[in-house]
Structures are given as C-alpha cells and as structure tokens.
2 protein chains.
Amino acid sequence: MVTLADVARHAGVSASTVSYVLSGKRSISAPTRERIQHSIDALGYRPHAGARALASSRTDILALMMPLRTGLYVPVMMEIAMAVTTTARSHGYDVLLLTGEEGPEAVRRVEGSAIADAMIVMDVGLDDPRLPCLQEAERPAVFIGLPTETAQAADAAGLDCVDLDFAAAGARCVEHLAGLGHTGIAVLGEPPAVYERGTGFAARTLTGLRAAAGAHGVGLLHRPVDGTYAAVAAAVTRVFEERPGTTALVVQNEAAVEPLLALLRHQGRAVPEDVSVVAICPDQVAVHASVPLTAVAVPAQEMGRLAVERLVARLAGEQPRGTALIPPLLTARASTGPAAPAAPAGPAAPAGPAAPAAPAAPGGPRTEDRHGRGGR
Amino acid sequence: MVTLADVARHAGVSASTVSYVLSGKRSISAPTRERIQHSIDALGYRPHAGARALASSRTDILALMMPLRTGLYVPVMMEIAMAVTTTARSHGYDVLLLTGEEGPEAVRRVEGSAIADAMIVMDVGLDDPRLPCLQEAERPAVFIGLPTETAQAADAAGLDCVDLDFAAAGARCVEHLAGLGHTGIAVLGEPPAVYERGTGFAARTLTGLRAAAGAHGVGLLHRPVDGTYAAVAAAVTRVFEERPGTTALVVQNEAAVEPLLALLRHQGRAVPEDVSVVAICPDQVAVHASVPLTAVAVPAQEMGRLAVERLVARLAGEQPRGTALIPPLLTARASTGPAAPAAPAGPAAPAGPAAPAAPAAPGGPRTEDRHGRGGR
DNA sequence: GTGAAAGCGCTAACAT
DNA sequence: ATGTTAGCGCTTTCAC
C-alpha cells in the first residue's frame with residue numbers, strides 16, 4: 001500500500017507538505033506542488049480513509065437512513081437514494097446505506113462510532129423515535145419529510161427538513177378539479193398502514209385536500225387502499241355507490257395507479273370524459289401510465305439533492321436553514337377534463353370496451369398548466 | 001467522546017484487556033469481563049470506526065456497486081440492496097452504496113482508500129470494465145450476475161458469482177408452455193439498451209429459450225421492448241401479424257407486464273384461453289399483476305443474501321466458492337393454460353371486453369407446479 | 001514556504 | 001489471565 005510517507009520520500013519533501021498539498025490548507029510553491037502531484041500520480045497514492053478519519057475526525061461519509069417499511073413505493077425511495085449518492089459524490093462524500101428497522105439504535109451507532117459525518121433521515125413519522133437521539137447528537141441531520149405537524153414546529157425545533165409541500169399539493173389537486181367544474185371528488189390514498197404509522201406526508205396531503213374542498217364547496221371522500229387490483233376495485237366501487245355524483249379521483253398511491261385505470265376501463269368509465277383522475281406521484285409514473293396522468297409531481301430527485309446540499313452546508317459550519325417545503329407543480333395531461341354535465345348514476349352502459357387512451361406521442365403538443373405555488 | 005482508555009481507567013484494567021473483551025480474541029476471566037462490560041455500558045462506549053480501521057485494516061464495511069442504468073427494473077435492484085444491507089448487518093457489516101457510473105474508477109477508489117473490506121458488484125456485463133481492476137485488487141468481490149458467457153468461464157477466472165440460472169429459467173418457460181401444447185411462442189424481452197450493453201442475464205435467458213424451443217420444436221420470436229404501453233403494443237401487434245399461430249408469450253421485462261395485460265384485454269385476447277403468458281420476474285410482481293402470472297421467480301432477496309454470505313466467508317479467509325447459479329422455480333398461476341386447438345388468426349371478434357381475471361383470493365387453492373431445476 | 005513531531009483511538013505482538 | 005508498548009497513516013500544531 002502506498003502511504004503519504006512514500007509520496008513524501010519520492011518527492012523529496014516532508015509528509016506534512018504532501019498533506020497540505022492534498023488539503024490545500026497552506027500555500028505551496030508551484031514547483032513543489034507539481035513535483036508532489038507527480039509523485040502522487042506516479043505511485044497511485046490514495047489517502048487511507050481510516051487514518052484520515054482518525055486524525056481529522058471526518059469520514060467524508062453521509063449516512064442515509066432509509067427504513068423500507070410496508071406501503072412505501074420503492075422506486076421513489078430509490079430515486080431519492082440515487083440523487084443522494086450522486087449529489088454526495090459531487091461534494092466528495094460517500095453514502096452509507098442504513099435500511100434496517102433499528103431506528104434510534106442506528107442513530108446511536110453512527111454517532112458513537114463516528115462512522116459518518118452526518119445523516120439523512122427518511123420515512124419520517126410524527127413523534128419519530130429517532131428525533132430525540134438526533135437532537136442530542138453532535139452530527140447534523142437532515143430529514144426528508146416532516147417529523148412535526150407543521151413546518152413552523154420543525155423550524156422551532158431547529159430541524160433541517162426537506163419535503164414536498166404535500167398540503168399545497170393536495171390543495172392544488174382540488175383546485176384543478178374544482179376549476180374544471182367537478183363537485184364530487186374521491187381520494188384513493190396510501191395503504192392504511194402508512195396512515196396508521198403517522199407518516200406525515202399522507203396526513204398533510206389529506207389536510208390540504210380537505211381544506212381546499214371546503215373552500216371550493218366540493219364533496220370529498222377518502223379511502224386508503226393497498227396497491228392491488230382487488231383493493232382498488234373494492235374501494236372505487238364503493239365510492240361510486242356511496243357518492244354517485246363523484247366525477248373525479250385523486251390518487252396518492254403509485255401502486256394503485258394502473259389497477260385503477262384498468263378498473264375504470266373495465267367499468268366502461270372513460271377517462272377523462274366520465275371520470276377525471278389526478279395523481280400525486282413522480283412524473284415518470286404519470287407520463288408512462290396507460291393514460292398520461294394530470295399529476296402533481298413528487299420531486300424525488302430534488303428532495304435528495306436538496307437534503308445533501310443542506311447537509312454539506314451544515315458540515316461546512318452553516319446553521320440549519322429550517323424547513324424547505326418544495327412548492328407543488330401540477331402538470332395537466334390527458335386524464336382530466338371538464339366535469340360531465342350529468343354524471344352517470346352507475347357504471348356506464350356496457351357498450352363495448354372503452355378505447356384506452358394511447359399514450360400521447362412524446363413531445364406532442366399538449367396543454368400544460370404550470371403553477372408553482374398552490375394555495376395552502 | 002468516550003474512548004477505550006476511558007473504559008480501561010473506569011474498570012481499572014489496561015486498554016488491551018478492554019480491546020480483547022471486545023474482540024474476544026483472548027480469554028478473559030469472568031469477573032474482569034463483567035466489570036469491563038459494565039463500564040462499557042455505563043459510559044456508553046462505542047469503538048471509533050476510523051481508529052479501528054487504521055489499526056486493524058478492517059472497516060467492517062461492504063461496498064455495494066449498483067450502477068442504475070437505463071432499462072433496469074428498480075424494485076428488483078432495491079430488493080437486492082435491502083437483502084444485502086440486512087444480511088450484512090446480521091454479520092456486523094455496514095454497506096456503502098455506490099451508484100455512479102464511475103465503474104473501474106470507483107473500484108480503485110474503494111481499493112486505494114481502504115474504505116471498505118470487500119465489494120458486491122451488480123449490473124455486470126460481458127467484458128465488464130471493472131473486472132480487471134477487481135482481479136488485481138486485494139479485496140474480495142462477489143458479482144451479482146455473470147461477467148462471462150458461462151459459469152465455467154467465471155469459475156476458471158477465480159470469480160465468485162451469484163445469479164439466477166437465467167438460461168435454465170428461459171428453458172423452463174418454454175418447457176412449461178410446450179407441455180401445454182403451445183407451438184408458437186413470442187418473447188418480450190428487456191429494453192434494447194439492456195441487450196446492447198451486453199448485460200449477461202438477458203443474453204443467457206435468450207440462449208436458454210432458444211435451446212429449449214429447438215429441442216421442443218417450438219417456434220420462437222424475440223422482441224426487446226421498452227416498458228411503455230406504446231412499445232409493447234407495437235411489438236405484440238407485429239408479432240401476431242408475423243406469426244398468427246402465436247399462442248403464448250414469455251415476458252422478461254417487469255415494466256412491460258401491465259401494459260401487456262392491458263393490451264391483450266383491449267385486443268379481446270383472453271388470458272389464458274387465447275394467449276398464455278409466462279413471466280420472468282419477482283414473485284411479487286407476478287402475484288400482484290392484474291392477472292396472476294405463471295412465472296419463474298427472480299429471487300432478488302436470495303441473490304443479495306447469498307452474495308453477502310459468500311463475501312463474509314471470503315473475508316473470513318475462505319477461498320472463492322465459484323459461481324452459484326440459483327435453479328429457476330416456475331410457479332403456475334392463472335396466466336397459462338392449454339394451447340387453443342385452433343388459434344385465432346387475428347384479434348378475436350370484438351365481442352365486448354374480456355373479463356379481467358380478478359386476482360385470486362390469497363391462499364386460495366391453486367395448481368402449483370414447482371420444479372426446482374430446469375433443463376440445461 | 002517547508003519540516004519536525006505529537007497525537008487521533010485502536011489492535012496486536014511481546015512480555016510476564 | 002493481564003499489562004506494556006509499538007505502531008496503523010494521517011492531520012495539525014509549533015518551529016524555522
């Protein structure tokens with residue numbers, strides 16, 4: 001193994017000079033710097049991570065706590081993880097992946113053994129058990145999600161949080177539909193487990209949906225669903241029985257999207273003529289659905305990137321910047337339209353299969369409806 | 001920060017005794033061990049990862065190289081990653097996640113900076129550029145996938161590989177269909193990019209499919225497809241035009257599954273009466289599809305677990321165990337049946353929508369058809 | 001602008 | 001069964 005001492009000898013300088021060339025914490029004359037750089041390249045030297053960590057108390061590693069619990073949509077998690085690793089690398093950090101259920105214990109492990117400089121905490125719930133440990137901890141942490149009811153509360157607690165403004169996202173969906181004349185909306189939500197767990201984003205979305213529904217005088221039904229065809233079919237069928245006037249659906253459940261669209265086709269309900277559908281999901285899901293969906297995008301990449309950038313800033317000595325709620329962005333696609341003048345009282349007449357809307361040609365002309373900030 | 005010296009002082013022993021209690025590399029009398037353990041708990045001591053790494057040249061970290069390139073199905077990757085982290089933790093290891101495209105450079109970085117003890121390499125292609133670096137490297141590596149044409153070649157090169165036996169999996173699909181009397185089969189494969197990249201598993205599957213098709217006198221068509229409705233529709237439509245006698249489809253492309261089923265419904269082709277469908281995908285996808293699919297399972301969890309266990313064995317001093325090809329397991333579900341006596345020459349008469357098969361009740365009685373090892 | 005030297009916290013001979 | 005001690009490879013004062 002090539003050590004710093006080897007490089008120093010090869011370049012005919014002292015170890016400290018080599019170290020300073022590497023860290024740039026002291027000015028080195030151009031000739032020596034070049035000579036040293038040459039030796040480094042020639043010998044293929046790489047600083048030993050452990051030694052550096054011991055001497056400097058910095059590991060250049062970020063821990064990513066990503067407990068993958070039931071009901072979570074994996075691709076979104078993965079997209080965040082990718083954005084985290086990519087952004088981290090661009091700042092010189094590596095990422096340690098923690099997926100276990102250990103919770104607070106994992107926090108203490110990272111903290112106590114100095115295995116990482118900072119942490120990104122995902123799948124945050126209200127009263128998250130990791131929160132107290134994290135607040136006592138020396139190392140900075142950034143949450144993806146909100147461990148409190150409101151952004152204000154998070155700020156007050158001195159937390160650094162990054163998330164989509166799910167309340168505004170919910171409101172935005174209702175506004176869009178209300179603007180199209182819909183007065184009966186049903187929400188297909190995350191699986192029950194997600195709500196029971198107190199995972200903030202689902203609750204905040206619901207808050208926003210309800211507030212906007214109230215403000216616009218729109219009726220709102222909410223049904224958590226598992227992402228299976230059977231569960232979706234049961235929920236939707238019940239909704240139309242209970243509220244025949246329902247003309248629009250909001251889906252916040254990636255796994256339920258295709259089952260839902262299949263079901264509507266099977267029931268002979270045309271999208272968007274009979275039923276409008278708005279999703280809250282990553283754009284990729286919305287675009288590739290069997291009907292391109294009007295949707296509020298879940299900006300997974302941006303969340304991961306932002307989280308890392310805040311963490312890097314904190315490691316550079318900055319104070320927490322407080323909560324960053326990303327404003328929702330709704331893109332109108334082929335799944336929403338004006339409310340039908342007279343909503344059918346039940347399933348449409350079984351007059352053959354509804355033609356499935358073919359995915360629109362990529363880049364084709366299409367109404368886009370981009371409003372940055374929703375109500376709230 | 002609490003150090004080992006603090007613990008030693010608190011317990012009235014020397015530092016090395018504490019170290020040996022932790023490592024168990026020397027027998028300690030029960031009284032002292034207990035006294036020391038008590039001090040450790042009382043002070044909340046955790047060994048400093050960097051110091052330990054420097055002194056012992058072991059980091060207790062495994063690097064997971066998981067470049068997420070286009071065409072890969074993210075949930076499978078994630079499932080493997082989860083299995084890796086879980087298994088690793090159970091052996092006392094943490095996992096460093098490397099997702100970049102850096103390739104060989106990342107290998108050298110891990111190797112040179114001693115940031116991890118070993119590596120798990122995913123998304124392995126033929127002539128993988130990381131292979132040479134890895135072979136020179138001091139640290140052991142396990143591949144998930146095969147960087148060579150055959151398992152024998154991998155063994156000869158002294159590699160440790162873990163993968164599903166995709167050739168046998170392909171063969172198994174054909175055998176199952178041939179056994180049901182099908183004589184015209186079309187394969188919907190991974191996106192073109194996956195084949196072009198030389199990613200071994202797709203090619204090996206095709207080899208197995210073709211060999212078995214030859215052996216059973218079955219006609220075989222192969223079409224790579226992107227996982228979009230449009231791409232699937234184009235490919236399938238063309239297949240039925242070119243080979244009207246096609247009565248069965250094999251899908252190796254998770255993203256194409258739902259689009260395919262939706263398309264078949266739309267075309268009025270009943271599954272399995274008009275067309276049988278066999279998938280090569282994780283069981284979860286097969287079970288939750290809108291028609292429960294007969295499928296060869298991609299055992300993501302087992303692959304991750306096996307890879308870690310081999311790596312741990314190597315770190316404990318064992319020799320490479322060579323390539324482990326997991327035998328394919330085909331489970332018969334609702335999507336396959338006997339070949340129609342007279343296959344319809346074109347799309348069936350547009351006699352209303354085919355009733356979508358509701359997902360079978362969980363745990364309900366169903367024919368299962370479990371053969372461990374396929375041909376090959 | 002450069003060197004010398006004292007650790008960082010732990011492990012593992014080498015002693016007894 | 002336990003203590004002593006010499007590093008592991010790097011960073012960072014302190015000194016010139």
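Residue numbers start from 1 in every chain, and the chains themselves are labelled A, B, ... in the order their sequence lines are given, proteins ahead of strands.
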Worksheet item: OG1 of B/Thr3 to CZ of B/Arg46: how many Å apart, nearest 0.5 Å?
Response: 15.5 Å
Worksheet item: Hey, is CG on B/Asp41 packed in by over 12 heavy atoms from elsewhere, all under 6.0 Å?
Response: yes
Item to complete: For each nucleotide in nucleotides 9-16 of chain D, reading 5' to 3', give B when a protein heavy atom comes within less than 4.0 Å of its base, S when such contact involves only the sugar-phosphate, and - otherwise.
Response: BBBBBB--
Practice prompt. Enter the distance from A/Leu54:CG to B/Arg52:CZ here, rounded to the nearest 0.5 Å.
Written response: 13.0 Å
Worksheet item: If you walk 5' to 3' along DNA chain C, what is the first nucleotide with an atom under 4.0 Å of a heavy atom in chain B, and what is the last?
Response: C/dG9 to C/dC14
Practice prompt. Indicate, with a heavy-atom threshold strictly under 4.0 Å, whether A/Thr32 touches base, sugar-phosphate, or nothing.
Written response: sugar-phosphate
Item to complete: Pick out which of A/Leu131, A/Val162, A/Asp123, A/Ile120 makes a side chain to side chain contact (heavy atoms under 4.5 Å, CB included) with A/Phe143.
Response: A/Leu131
Worksheet item: If only atom types and distance count, is the side chain of A/Thr17 paired as donor or acceptor with the main-chain N or O of A/Val13 below 3.5 Å?
Response: no
Discussion item. Once rounded to the nearest 0.5 Å, what's the spacing between atom CZ of B/Arg69 and atom CE of B/Met77?
Written reply: 9.5 Å
Worksheet, complete the sentence: Heavy-atom closest pair (A/Met66 atom, A/Leu97 atom, distance to 0.1 Å) is CE-CD1, 3.7 Å
Discussion item. Quick check against the 3.5 Å criterion: does B/His48 have a side-chain atom that pairs as donor or acceptor with the backbone of B/Gly50?
Written reply: yes
